[in-house]
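Since this is a predicted model, take the numbers as computed values, not measurements. Start at 1 with the first residue, then count along the sequence.
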Amino acid sequence: QVQLVESGGGLVQPGGSLRLSCAASGSIFSINVMGWYRQAPGKQRDLVAQITTSGSTNYVDSVKGRFTISRDNSKNTVYLQMNSLKPEDTAVYYCKIEGSLRIGVTFTSWGQGTQVTVSS
């Protein structure tokens, strides 16, 4: 019903930048929270950044000052601008959206994941 399509991953050198995009489609009544998570090999999936409908944001300490999450409400799209990338940022990045299909029916959807590799 709700599908998330991610794009923007790739290989970049340390200090470089990437911009991830995640577009949601389907019968979405409302969106409460959009977020980005990442998972490195052998590690759990952790929250990187999230943004609420009102625009408030939250970041994991390791990316503060380097990453910026934003959203385009009219397009149901969330972005993650990643600057000053470090090798430790290497991971598969997943977007996540929490919202409602209709009043009283909530949903959580995950994107397919996009690989971000930071290497010299």
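- In terms of hydrophobic clustering, with Ile, Leu, Val, Met, Phe, Trp and Tyr side chains grouped at heavy-atom distances under 4.5 Å, I103 and I28 are assigned to different clusters.
- Annotation: side chain of T117 is not in contact with side chain of V12 (no heavy-atom distance under 4.5 Å).
- In this structure, CZ on F67 lies 9.0 Å from CG on L18, to the nearest 0.5 angstrom.
- Pairing each heavy atom of A24 with each of I97, the nearest pair is CB-CD1, 3.4 Å.
- Atom NZ in K64 sits 6.5 Å away from atom CG in N58 (nearest 0.5 Å).
- Hydrophobic cluster membership of Y37, counting Ile, Leu, Val, Met, Phe, Trp and Tyr whose side-chain heavy atoms lie under 4.5 Å apart directly or via other members: L47, V92, Y94, W110.
- With hydrogens and angles ignored, the 3.5 Å screen pairs a side-chain donor or acceptor of Y59 with a backbone N or O of I69.
- Of the possible polar contacts, one joining the T53 side chain to the N32 backbone as a donor-acceptor pair under 3.5 Å is found.
- L101 is listed as a side-chain neighbour of Q1, based on a closest heavy-atom distance under 4.5 Å.
- Side-chain atoms of E88 and T90 include no donor-acceptor pair closer than 3.5 Å.
- N76 CG to S30 OG: the interatomic distance, rounded to the nearest 0.5 Å, is 10.0 Å.
- A 4.5 Å side-chain heavy-atom check between M82 and Y93 finds at least one atom pair inside the cut-off.
- Within the 4.5 Å cutoff, the side chain of K96 has no heavy atoms near those of the S109 side chain.
- The cluster map of Ile, Leu, Val, Met, Phe, Trp and Tyr, joined by side-chain heavy atoms under 4.5 Å apart, puts V105 and F107 in the same cluster.
- Judged by distance alone, the side chain of S27 and the main-chain N or O of V2 form no donor-acceptor pair under 3.5 Å.
- Under the 3.5 Å distance criterion, the side-chain polar atoms of R71 are matched with a main-chain donor or acceptor of T52.
- With S62 contributing its side chain and V60 its backbone, the two residues share no donor-acceptor pair below 3.5 Å.
- Considering every non-hydrogen atom in both Y79 and S21, the closest pair reads CD2-OG, 3.3 Å.
- E6 places a side-chain N or O within 3.5 Å of a backbone atom of C95 that can act as its donor or acceptor partner.
- Atom CD of Q39 is surrounded by more than 12 heavy atoms from other residues, nucleotides or ligands within 6.0 Å.
- Within the model, atoms CG of L80 and CD of Q50 stand 12.5 Å from one another, a figure rounded to the nearest 0.5 Å.
- Contact annotation: the side chain of V116 approaches that of L20 to within less than 4.5 Å [non-hydrogen atoms, C-beta and beyond].
- With a 4.5 Å cut-off on side-chain heavy atoms, S84 and R66 count as touching.
- Residues P14 and P87 meet the side-chain proximity criterion, which asks for heavy atoms closer than 4.5 Å.
- Contact between L4 and Q112 at its shortest, heavy atoms only, is O-OE1, 3.4 Å.
- Atom CH2 of W36 sits about 7.5 Å away from atom OG1 of T114, to the nearest 0.5 Å.
- The list of salt bridge (charged side-chain N to carboxylate O under 4.0 Å, His left out) pairs with a residue in residues 30-53, not counting sequence neighbours, reads R38-D89.
- Although no hydrogens or angles enter the test, the distance criterion places no donor-acceptor pair under 3.5 Å between the side chain of T77 and the main chain of A23.
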